[in-house]
Peer 1: 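Sharing a structure here in C-alpha cells format.
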Amino acid sequence: MKTIKNIGLKLAVIMAVFMAVPAVGQAQVKKGYANVDWQFNVPLSNKFASTASGWGMNFEGGYFITDNIGVGLFLAYSTNNEYFGQRTLNISETAAMTTDQQHSLFQLPFGASFRYRFVPESQFIPYLSLKLGPEYSEMSSYYNVYKSHDYDWGFYISPEVGITMYPTQDKSVGFHVALYYSYATNKGNVLTYSLDGLNNFGFRLGLAF
C-alpha cells in the first residue's frame with residue numbers, strides 16, 4: 001500500500017507540472033505596444049475656442065525595457081472650434097470692425113512618452129504615463145471671406161491614466177481607454193484675442209496592438 005501511495009503521489013506531481021506549463025505559457029508579457037485612438041479634447045481657461053471637440057487622434061508606440069517600464073514616441077492632434085456672433089472689435093485706436101467669426105484652435109504635440117504598467121501578465125492592464133515634447137499650435141479667426149491667424153511653438157507635457165484590454169490570450173489586438181490632462185506653453189494673438197498657455201483635458205478610445 002505504501003508503494004502504491006508513493007506512485008500515486010508522483011503521478012499527481014507530474015500531472016500538476018504538465019497542467020501548469022500551459023498556464024505559464026498563456027501568461028504572456030508583451031514587450032512592444034502601440035495605440036491608435038480617437039481623441040476627445042476639452043479646452044480649459046481658453047476664451048478663443050473653448051468648445052469641446054472630437055476632432056482629434058492619438059498615435060503612440062513603444063517598448064517595455066522592463067516588465068513594467070516602457071518608453072516610446074507619440075503624435076497627437078486636435079481642433080477646437082467656437083462661433084462668435086456679430087460684434088464690434090476695436091482693432092486699434094483708429095480702426096474698428098463689426099463682424100461674426102468662426103474661431104479654430106489647432107494643436108499638434110509630439111515627442112517622447114514614458115509608461116508604467118501594472119499587472120503586465122494580465123489581459124486587463126492599467127497604466128500611468130507621461131508625454132513630453134514640442135507642440136505646434138495655430139489660432140485662426142474666419143470672418144466674411146477673410147482669415148486672421150497666428151502660429152507658435154511651445155513645450156508640451158501631459159500625464160495620462162489608462163487601461164489596455166485584450167480579449168484573447170495572445171494579446172494581438174485589444175482596446176485602449178485613457179484620460180489625460182495636458183499643458184503647453186504656446187502663445188498667440190489674433191485680432192483682439194490672445195492666449196498664453198494651453199490647458200486641456202479629455203479622453204481617448206482606440207485599438208491597442
Side-chain angles (χ1 to χ4, degrees), residues 30-66 68-82 101-117 125-142 147-164 175-209:
K30 294 187 67 171
K31 286 296 186 181
Y33 68 93
N35 299 326
V36 178
D37 302 307
W38 167 69
Q39 178 173 287
F40 188 86
N41 189 68
V42 182
L44 299 173
S45 305
N46 179 346
K47 296 181 180 181
F48 183 77
S50 60
T51 304
S53 172
W55 291 100
M57 293 287 290
N58 174 70
F59 306 92
E60 184 177 359
Y63 184 83
F64 284 95
I65 55 179
T66 71
N68 301 99
I69 300 173
V71 295
L73 300 173
F74 80 96
L75 182 147
Y77 71 86
S78 63
T79 301
N80 295 88
N81 301 288
E82 185 171 359
Q101 303 166 74
Q102 179 68 39
H103 286 185
S104 176
L105 177 60
F106 175 74
Q107 299 180 71
L108 178 73
F110 58 91
S113 63
F114 305 89
R115 180 178 292 202
Y116 184 90
R117 65 179 175 180
I125 308 173
Y127 71 87
L128 298 173
S129 76
L130 182 68
K131 295 180 170 69
L132 302 168
E135 175 175 293
Y136 169 82
S137 66
E138 183 169 336
M139 300 170 58
S140 300
S141 177
Y142 300 86
K147 171 187 174 182
S148 296
H149 71 280
D150 189 13
Y151 64 87
D152 188 48
W153 286 90
F155 176 76
Y156 175 90
I157 181 170
S158 176
E160 177 179 303
V161 57
I163 184 170
T164 302
F175 302 98
H176 176 243
V177 181
L179 297 173
Y180 70 90
Y181 166 80
S182 69
Y183 173 75
T185 60
N186 301 58
K187 300 179 181 181
N189 294 279
V190 171
L191 300 176
T192 61
Y193 305 89
S194 64
L195 289 176
D196 186 358
L198 298 174
N199 292 273
N200 307 271
F201 79 92
F203 63 88
R204 300 182 174 114
L205 300 174
L207 297 176
F209 302 94

Peer 1: Under 3.5 Å, side chain of Asp152 to main-chain N/O of Lys187, donor-acceptor pair present?
Peer 2: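 Yes.
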Peer 1: Return the set of residues passing ring pair (Phe, Tyr, Trp, His ring centres under 6.0 Å) with Tyr127 (not counting sequence neighbours), or none when no residue passes.
Peer 2: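 Ring pair (Phe, Tyr, Trp, His ring centres under 6.0 Å) list for Tyr127, sorted by chain: His176.
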Peer 1: What distance do Ser182 atom OG and Ile157 atom CD1 have between them, rounded to the nearest 0.5 Å?
Peer 2: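 Reported value, rounded in 0.5 Å steps: 10.0 Å.
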Peer 1: Could you go through Leu75 and Leu108, starting from their C-alpha distance and side-chain angles, then the distance that decides it, and tell me whether this counts as side-chain contact (heavy atoms from CB on, under 4.5 Å)?
Peer 2: CA-CA 7 Å; Leu75 182 147; Leu108 178 73; 4.1 Å; yes
Peer 1: If we only count heavy atoms from C-beta on, is the Lys147 to Ser140 side-chain gap below 4.5 Å?
Peer 2: yes
Peer 1: I'd like to know whether NZ of Lys47 has more than 12 heavy-atom contacts from other residues, nucleotides or ligands below 6.0 angstrom.
Peer 2: no
Peer 1: Please evaluate residues Gln107 and Asn41 with respect to the criterion side-chain contact (heavy atoms from CB on, under 4.5 Å), reporting the C-alpha separation (whole Å), side-chain torsions for both, the decisive distance (0.1 Å), and the verdict.
Peer 2: CA-CA 10 Å; Gln107 299 180 71; Asn41 189 68; 4.1 Å; yes
Peer 1: Run the side-chain contact (heavy atoms from CB on, under 4.5 Å) test on Tyr151 and Tyr136 for me, step by step, so that the C-alpha distance in whole Å, both residues' side-chain angles and the decisive distance to 0.1 Å come before the verdict.
Peer 2: CA-CA 7 Å; Tyr151 64 87; Tyr136 169 82; 3.6 Å; yes
Peer 1: For Phe40, is the NZ or CZ atom of Arg204 found under 6.0 angstrom from the centre of its six-membered ring and inside 45 degrees of the ring axis?
Peer 2: no
Peer 1: Less than 4.5 Å apart, side chain to side chain, heavy atoms only: is that true for Leu191 and Gln101?
Peer 2: yes
Peer 1: Would you say the ring centroid of Phe201 lies under 6.0 angstrom from that of Tyr181?
Peer 2: no
Peer 1: Could you check, using the six-membered ring where one of them is a Trp, whether Tyr142 and His103 have ring centers closer than 6.0 angstrom?
Peer 2: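 Not under 6.0 Å, so no.
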Peer 1: Ignoring hydrogens and angles, state whether a donor on the side chain of Ser104 or Asn81 is under 3.5 Å from an acceptor on the partner side chain.
Peer 2: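 On atom types as modelled, these side chains qualify, holding a pair under 3.5 Å.
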Peer 1: For Val190, which residues count as a side chain to side chain contact (heavy atoms under 4.5 Å, CB included) partner, sequence neighbours excluded?
Peer 2: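 Side chain to side chain contact (heavy atoms under 4.5 Å, CB included) check on Val190 returns Phe48, Met139, Ser141, Ser148, Asp150.
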Peer 1: Yes or no on side-chain contact (heavy atoms from CB on, under 4.5 Å) for Leu130 and Ser113, after CA distance, side-chain angles and deciding distance?
Peer 2: CA-CA 6 Å; Leu130 182 68; Ser113 63; over 6 Å; no
Peer 1: So which atom in Gly154 and which in Thr185 form the shortest heavy-atom distance, rounded to 0.1 Å?
Peer 2: CA-OG1, 3.4 Å
Peer 1: Would one find more than 12 heavy atoms of other residues, nucleotides or ligands at under 6.0 Å from atom CZ of Phe155?
Peer 2: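 Atom CZ in Phe155 is packed in, count exceeds 12.
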Peer 1: Considering all heavy atoms of both residues, which atom of Ser137 and which atom of Leu198 are nearest to each other, and what is their separation?
Peer 2: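 Where Ser137 meets Leu198 most closely, the heavy atoms are CB-CD1, 4.0 Å.
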Peer 1: Any side-chain donor paired with an acceptor under 3.5 Å for Glu82 and Ser50?
Peer 2: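 Short answer, yes.
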Peer 1: About how many Å separate CG of Asn189 and CG of Leu195, when rounded to the nearest 0.5 Å?
Peer 2: 8.0 Å
Peer 1: Quick one: does any side-chain atom of Asn80 pair with a main-chain N or O of Thr51 as donor and acceptor, under 3.5 Å?
Peer 2: yes
Peer 1: Can you tell me how far the CG atom of Leu207 sits from the CG atom of Asp37, to the nearest 0.5 Å?
Peer 2: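 Reported to 0.5 Å precision, the distance equals 8.0 Å.
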Peer 1: Distance from Phe74 atom CZ to Asn58 atom CG, nearest 0.5 Å?
Peer 2: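 The CZ atom of Phe74 sits 8.0 Å away from the CG atom of Asn58.
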Peer 1: I want to check a possible cation-pi pair here: Arg115 against Tyr33, using under 6.0 Å from ring centre and within 45° of the ring axis as the test.
Peer 2: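 Yes, cation above the ring, under 6.0 Å and within 45°.
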Peer 1: How many angstroms lie between CD1 in Ile163 and CG in Leu179, if you round to the nearest 0.5 Å?
Peer 2: 11.5 Å
Peer 1: Sequence neighbours left out, what passes salt bridge (charged side-chain N to carboxylate O under 4.0 Å, His left out) with Glu135? Give chain and number order.
Peer 2: none
Peer 1: Are the side chains of Val36 and Phe209 in touch, meaning some heavy atoms are under 4.5 Å apart?
Peer 2: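 Heavy-atom side-chain distance check passes, below 4.5 Å.
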Peer 1: On a heavy-atom basis, which atom in Tyr77 and which in Gln39 lie closest, and how many Å separate them?
Peer 2: O-NE2, 3.6 Å
Peer 1: What is the distance from atom CD1 of Ile69 to atom CZ of Phe114, rounded to the nearest 0.5 Å?
Peer 2: 11.0 Å
Peer 1: Do Asn46 and Leu105 touch side chain to side chain, with heavy atoms closer than 4.5 Å?
Peer 2: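 They are in contact (side-chain heavy atoms under 4.5 Å apart), so the answer is yes.
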Peer 1: Kindly indicate whether the side chain of Phe110, heavy atoms from C-beta on, has any atom under 4.5 Å from the side chain of Pro134.
Peer 2: yes
Peer 1: Determine the minimum heavy-atom distance between Gly56 and Trp38, stating which atoms define it.
Peer 2: O-CD1, 3.6 Å
